[in-house]
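Proteins get letters first, then strands, A, B, ... in listed order; numbering begins at 1 in each. Excluded from the calculations below are hydrogen atoms, water molecules and symmetry mates; all remaining heavy atoms, backbone and side chain alike, are included.
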Amino acid sequence: MRDIIKNAMVLFVIALISSVLLAFSYSITKEPIAKQQLIRQNEALSAVLPDSEFTQITDADFSKQPAILSLFEAKSGSDIVGYAFKVASEEGYSGHLELVVGISPEGNLTGIDLVEQSETPGLGAKADDEEFKGQYVQKPASALAVVKSAPANESEIGAISGATITSRAVTNAVNEAISYYNENLAEGVK
Amino acid sequence: MNTIVERLKNGIITENPIFVSVLGMCPALAVTTSVVNGLGMGMATTVVLIASNLAISLLRNIIPSKVRIPAFIVVIASFVTIIDMLLQAYSPSLYAALGIFIPLIVVNCIVLGRAEAYAYQSGVLSSIFDGLGMGLGFTFALGLVGAVRELFGVGSLLGFQIMPSFYEPVAILVLAPGAFFVMGFLFAIYNYLIKRAKSEKGDQA
C-alpha cells in the first residue's frame with residue numbers, strides 16, 4: 001500500500017512540475033507567437049496582393065461561408081486592387097489549415113498563400129510550394145475542382161501526388177472565398 | 001573522454017537506431033521524401049533526445065521503477081511542447097523549416113527507448129552523449145534514405161536537379177511503398193558492410 005502511495009506521489013509531483021513549466025512557457029510565448037502570426041499573415045497578404053494597403057472589412061456576414069475568418073480590402077493609393085480572404089479548414093490531413101486567398105476586382109484569383117498548416121512534409125506540406133500554389137493564379141473566380149490527373153480546364157486544380165486530402169481541403173476553402181466574392185463583391189452585385 | 005567517443009560511435013554505427021535497432025521507423029518512412037526533410041527531422045529529434053536523456057538521467061534516482069514509463073512520457077511530451085512553443089515564438093525561420101516535425105517527435109520510439117535502455121541507468125554526461133550519438137545516427141540514416149528517395153524518385157538532391165532531363169523519376173520512391181523498398185535495400189547493405197568489417201577485424205585478431 002505504501003508503495004502505491006509513493007509511486008502515485010512521485011508521478012503527481014512530476015506531472016505538477018511539468019504542468020507548471022508548460023503553463024509558464026505558454027504564458028511567456030503567447031504574445032511573441034501572436035506577433036509572429038500577425039507578421040506571417042501580413043506576409044501572406046502581401047504575397048497574394050503585393051504593394052497594397054490592407055483594411056479589414058469588419059461588418060461582413062460570413063454565415064454562408066463559415067470557412068472565412070476575415071476579409072481585407074486591398075488598395076493601392078485610392079484604387080481597390082483586390083480582396084484578400086483569410087480562410088480556414090479543418091479538413092486537412094492533419095487537421096487545421098489557414099490560408100490567404102487574393103481575388104482581383106476583375107474576378108480572377110491573384111494567388112493563395114498558406115499561413116498555418118501541419119501537413120506531412122513531402123506530401124501535404126507541398127501545398128505551400130509554388131508548384132501547387134501557382135495553379136490558383138489567374139484562375140477565374142468560380143468553383144474549382146480537384147483532379148488527380150493534369151488539369152484539363154480553367155476550373156480544375158491538379159492534386160498533389162499522394163496528398164489528395166490536403167489538396168481538396170485547400171481548394172474547398174478557396175471555393176468559399178470565391179463564393180463570398182461572387183455573392184457580395186463581384187462587379188454588378190453591389 | 002572514452003565514454004563520450006564510445007557513446008557517439010555506438011549511436012552512429014554500432015547501434016544505429018534505424019539500421020540496427022529498427023526504432024523510429026514511422027518518421028523515417030514518412031518524412032524522408034527529400035534530403036532536407038530527412039536531415040530536418042533528424043536534427044529536431046537530436047535536440048529532444050539530448051534534453052530528454054539529460055532530464056531522465058538527472059531524475060533516475062527519484063523515479064520509482066514501477067511508474068517509470070508514464071514518468072518518461074510526461075517528461076518527454078512536456079519537453080517537446082516547450083521546445084515547440086519557444087521555436088514558434090522566437091525563431092520564426094527555424095520554426096517554418098522544422099516546426100512541422102516537432103509534434104512528430106513525441107511518437108518517436110527512439111526517445112522513449114533511450115530513456116528506458118540507457119538514461120534511466122546512467123550518469124548525466126554519458127546520457128547526454130548517448131542522446132547526441134543516437135540523434136546523429138538517426139540524422140545520418142534519415143539523410144541517407146532521403147537522399148536515395150529524392151535522387152531516384154524526383155531527380156534532385158537538396159532541391160538541385162542532379163539527374164539529366166531524360167531521366168524518368170521513379171515516382172513510387174517518394175510514396176509509402178518506395179520508403180519500404182529503399183529501407184530494405186539500405187538495411188541489407190548496411191548490415192552486410194558491418195558484418196564484413198567485423199569478420200575482417202576478427203581475421204586480424
Side-chain angles (χ1 to χ4, degrees), chain A residues 2-41 43-44 92-97 114-131 160-163, chain B residues 27 30-34 36-38 40-41 55-56 59 62-93 95-104 146 149-150 153-154 159 171-172 174-179:
Chain A
R2 262 195 72 195
D3 254 0
I4 296 180
I5 296 182
K6 178 178 167 232
N7 292 343
M9 281 312 294
V10 171
L11 267 183
F12 173 69
V13 170
I14 290 181
L16 186 65
I17 297 179
S18 301
S19 311
V20 168
L21 287 174
L22 277 167
F24 180 65
S25 303
Y26 177 74
S27 63
I28 54 170
T29 58
K30 212 162 75 163
E31 239 190 77
I33 287 180
K35 238 173 44 180
Q36 292 300 338
Q37 284 174 334
L38 192 60
I39 293 177
R40 183 71 198 93
Q41 177 186 284
E43 274 173 12
Y93 186 76
S94 309
H96 188 71
L97 292 170
L114 266 80
V115 176
E116 254 183 66
Q117 54 100 352
S118 37
E119 305 297 278
T120 316
L123 291 171
K126 281 162 86 170
D128 206 13
D129 288 351
E130 202 41 53
E131 202 182 319
I160 299 166
S161 186
Chain B
V31 157
T32 50
T33 48
S34 67
V36 166
N37 287 346
M41 182 72 199
I56 304 287
L59 294 172
I62 303 176
I63 301 176
S65 178
K66 285 216 172 93
V67 292
R68 67 189 190 283
I69 300 291
F72 294 163
I73 293 177
V74 170
V75 169
I76 294 169
S78 303
F79 258 127
V80 171
T81 310
I82 292 176
I83 290 176
D84 187 50
M85 287 193 274
L86 290 175
L87 265 187
Q88 194 178 4
Y90 298 116
S91 182
S93 49
Y95 182 73
L98 296 181
I100 25 181
F101 299 118
I102 297 188
L104 291 174
R149 292 178 77 191
E150 190 185 352
V154 179
I172 196 173
V174 290
L175 297 176

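- The CD1 atom of B:I172 lies 10.5 Å from the OG atom of A:S161; values are rounded to the nearest 0.5 Å.
- Atom CZ of A:R40 and atom CD of B:Q88 lie 12.5 Å apart (nearest 0.5 Å).
- When all heavy atoms of B:A71 and A:I14 are compared, the closest pair comes out as CB-CD1, 3.9 Å.
- Here the CD1-CG distance, from B:I63 to A:N7, works out to 11.5 Å after rounding to the nearest 0.5 Å.
- With a 4.5 Å cut-off on non-hydrogen atoms, A:L22 touches chain B through its backbone and its side chain both.
- The distance from the CG atom of B:L87 to the OG1 atom of A:T29 is 11.0 Å, given to the nearest 0.5 Å.
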side-chain contact (heavy atoms from CB on, under 4.5 Å) between B:I82 and A:F24, worked out: CA-CA 9 Å; B:I82 292 176; A:F24 180 65; over 6 Å; no
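- Residue B:Y90 touches chain A through its side chain alone, counting heavy-atom pairs closer than 4.5 Å.
- Summarising the geometry of A:S18 relative to B:V74, their closest heavy-atom pair is OG-CG1, 3.4 Å, with the distance given to 0.1 Å.
- For a residue to count as touching a neighbouring chain, one of its non-hydrogen atoms must lie under 4.5 Å from one of that chain's; by this rule A:Q37 touches chain B with the side chain only.
- When each of B:P64, B:P70, B:A77, B:S34 is scored by its heavy-atom pairs under 4.5 Å with chain A, the top score falls to B:P64.
- Put simply, the side chain of B:S78 does not reach to within 4.5 Å of the side chain of A:L21, judged on heavy atoms.
- Contact annotation for A:D3: only side-chain heavy atoms (C-beta onward) come within less than 4.5 Å of a heavy atom of chain B.
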